[in-house]
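Structure, as structure tokens:
Here the structure is a predicted model, which means the values were calculated and not measured. Residue numbering restarts at 1 for every chain, and letters A, B, ... go by the order of the sequence lines.
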Protein chains: 2
Amino acid sequence: MKNEKATKKPVRRKLADIRKDNSDQILLVAEKVFAERGYRGSTIAAIAEEADLPKANILYYFKTKEILYKAVLGRQLGIWMQHMDAMTVDQHPRDALRDYVRNKIKQSKDHPNSSRIFAAEILHGAEFLQEKLRTDLKDQFDRTCEVFRGWIAKRWMDPVSPEHLMFMIWSSTQAYADYSFQSSIMLEKPEMTEEDYEAGVELITRLVLKGCGISLL
Amino acid sequence: MKNEKATKKPVRRKLADIRKDNSDQILLVAEKVFAERGYRGSTIAAIAEEADLPKANILYYFKTKEILYKAVLGRQLGIWMQHMDAMTVDQHPRDALRDYVRNKIKQSKDHPNSSRIFAAEILHGAEFLQEKLRTDLKDQFDRTCEVFRGWIAKRWMDPVSPEHLMFMIWSSTQAYADYSFQSSIMLEKPEMTEEDYEAGVELITRLVLKGCGISLL
DNA sequence: GTCTATACGAGGATAGAC
DNA sequence: GTCTATCCTCGTATAGAC
């Protein structure tokens, strides 16, 4: 066994574990900072301070700021897409769409930072994310559009454009993360409540279902 | 022959006009750069280069980068809100909402930069815009919600939440500017066409009207 | 593996010539 | 009103002690 002498820790932890814990912690903090201030607005110093570590330590784990940012993006892509997959052509669109809208808004509530990072990234041309959009997201998008087409073929919903329906659901649900600062100002409260999100779910579900000719019951 | 007044412009123009022309030109270019790269990502050098002027000239007209950015924001707020005002309680919601959606998407198409600047600003906490949101936009928002309530009272539409309906219309129409990079990737085209915007108008109008119990005819 | 000190470059802002 | 040269701060990244 090598390097046994090197460990000063009383607890026996593999170096790989320490590394993973620390880099997970950094990723978590970086996600928050990037979401709040954007890629260029975020400084390594700010991330370091938030993580309560010296600057150099951040760069020990992630060699450059760009590498760290891409790591954050990559980690979030799965979270961001995970619910699209749940819709299948065998389900009735009433249930599938209702669940999707609910889950997507719940995600906006629980992980607003993932959503904001993606939104900012796309807004500015998806410089770092373009390739993943063209592959991962595009595949998922096509599969989901295919499900919508299946429902239309079964006469379970009206023949609306699957692509634009998807855009509408994405944007209106994401708004509950991306524009929540604005929404809470309009609603005159310090921040959105559970009831506000619930009202959003209800309204969007209603518009989608009735709009596509699917009865609500 | 030495052109005796070569240093001066041959056309007699007031200094005030020169100033206005130049600052207008700078604002136009700055709008583009800020939209593409965000506030912190934009450099005065980049704006100067795009405007084909030296750096110092930009700062002669706008003392600081922040002042320039706020000028851009202020200039766009009107454009961004102008169509909300057009909806009145006397109109039938079928016509008013259809026109609003159409105009809002047209705006996303014609002025994508205004929309992107606002979206980025709000995403990151509306640091520079918060006051204007609390006053100008909030007032307009309240008036429009009041119009919706009037329609509901007249039984012209179902009793849906005016606030969340507004959020839904804002976000889904704005997406045609903010997320157009993503949308065009999903649609597998270099950029969105006239027909794509038209399909968006149609889908959103349909969902809003049918969703609120307003007949389409 | 952790941290201090520092090199180095980018970018905002200013002085002052023309 | 226009522009060159320059200052200076801030932020990334590295070297090297512990």
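Applying the ring-ring contact (aromatic ring centres under 6.0 Å, His included) test to residues at least two apart or on different chains, the pairs with a partner in residues 106-125 of chain B are B/W80-B/F118.
Atom pair B/K55:NZ and C/dG12:C1' shows a separation of 7 Å (rounding to whole Å applied). Atom CD of A/E49 is separated from atom C1' of D/dC10 by 15 Å (rounded to the nearest Å). In this structure, the NZ atom of B/K20 is 18 Å from the C1' atom of D/dG1, given to the nearest Å. One interatomic measurement links the two molecules: CG of B/L53 to C1' of D/dT4, which rounds to 15 Å at whole-angstrom precision. Between the CG atom of A/D52 and the C1' atom of C/dT2 there is a distance of 13 Å, given to the nearest Å.
Side chain of A/S108 to backbone of A/T173: a donor-acceptor contact under 3.5 angstrom is found.
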Close N/O contacts between protein and nucleotides 16-18 of chain D (under 3.5 Å):
none

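Results of the side-chain hydrogen bond (donor to acceptor under 3.5 Å, both in side chains) test with A/R102 over A/Q107, A/H83, A/E198 single out A/E198 as the only residue that passes.
The existence of a salt bridge linking B/R149 and B/E163 is confirmed by a sub-4.0 Å separation between a basic side-chain nitrogen and an acidic carboxylate oxygen. Ionic pairing of B/R206 and B/E202 is not present here: no N-O contact between side-chain nitrogen and carboxylate oxygen is shorter than 4.0 angstrom. The pair B/D139-B/R143 does not count as a salt bridge, with every side-chain nitrogen at least 4.0 angstrom from each carboxylate oxygen.
When the nucleotides C/dT2, C/dT4, D/dT4 are ranked by their closest atom to the side chain of A/N22, C/dT2 comes out on top.
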Would you be so kind as to tabulate the donor-acceptor pairs closer than 3.5 Å made by side chains of residues 50-61 of chain A, with sequence neighbours excluded?
unit_1 : atom_1 : unit_2 : atom_2 : d
A/E50  : OE2    : A/K32  : NZ     : 2.7
A/Y61  : OH     : A/N22  : ND2    : 2.7

Validation: residues 35-45 of chain B side-chain donor-acceptor distances under 3.5 Å, sequence neighbours left out:
unit_1 : atom_1 : unit_2 : atom_2 : d
B/R40  : NH2    : B/E127 : OE1    : 3.3
B/S42  : OG     : B/V33  : O      : 3.3
B/S42  : OG     : B/G38  : O      : 2.6
B/T43  : OG1    : B/A46  : N      : 3.0

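Between A/Q174 and A/S115, the side chains place a donor N or O and an acceptor N or O closer than 3.5 Å (distance only, hydrogens not considered).
Within the 4.5 Å cutoff, side-chain heavy atoms of A/Q130 are placed close to those of B/I185.
Contacts with DNA chain C (heavy atom under 4.0 Å) in residues 34-47 of chain B: B/S42, B/T43, B/I44, listed by number. Looking at residues 57-67 of chain B, you'll see B/L59, B/K63, B/T64, B/K65 sit with a heavy atom under 4.0 Å from some atom of DNA chain C.
Note: A/W170 and A/F141 have tilted aromatic rings, judged against thresholds of 30 and 60 degrees for the angle between ring planes.
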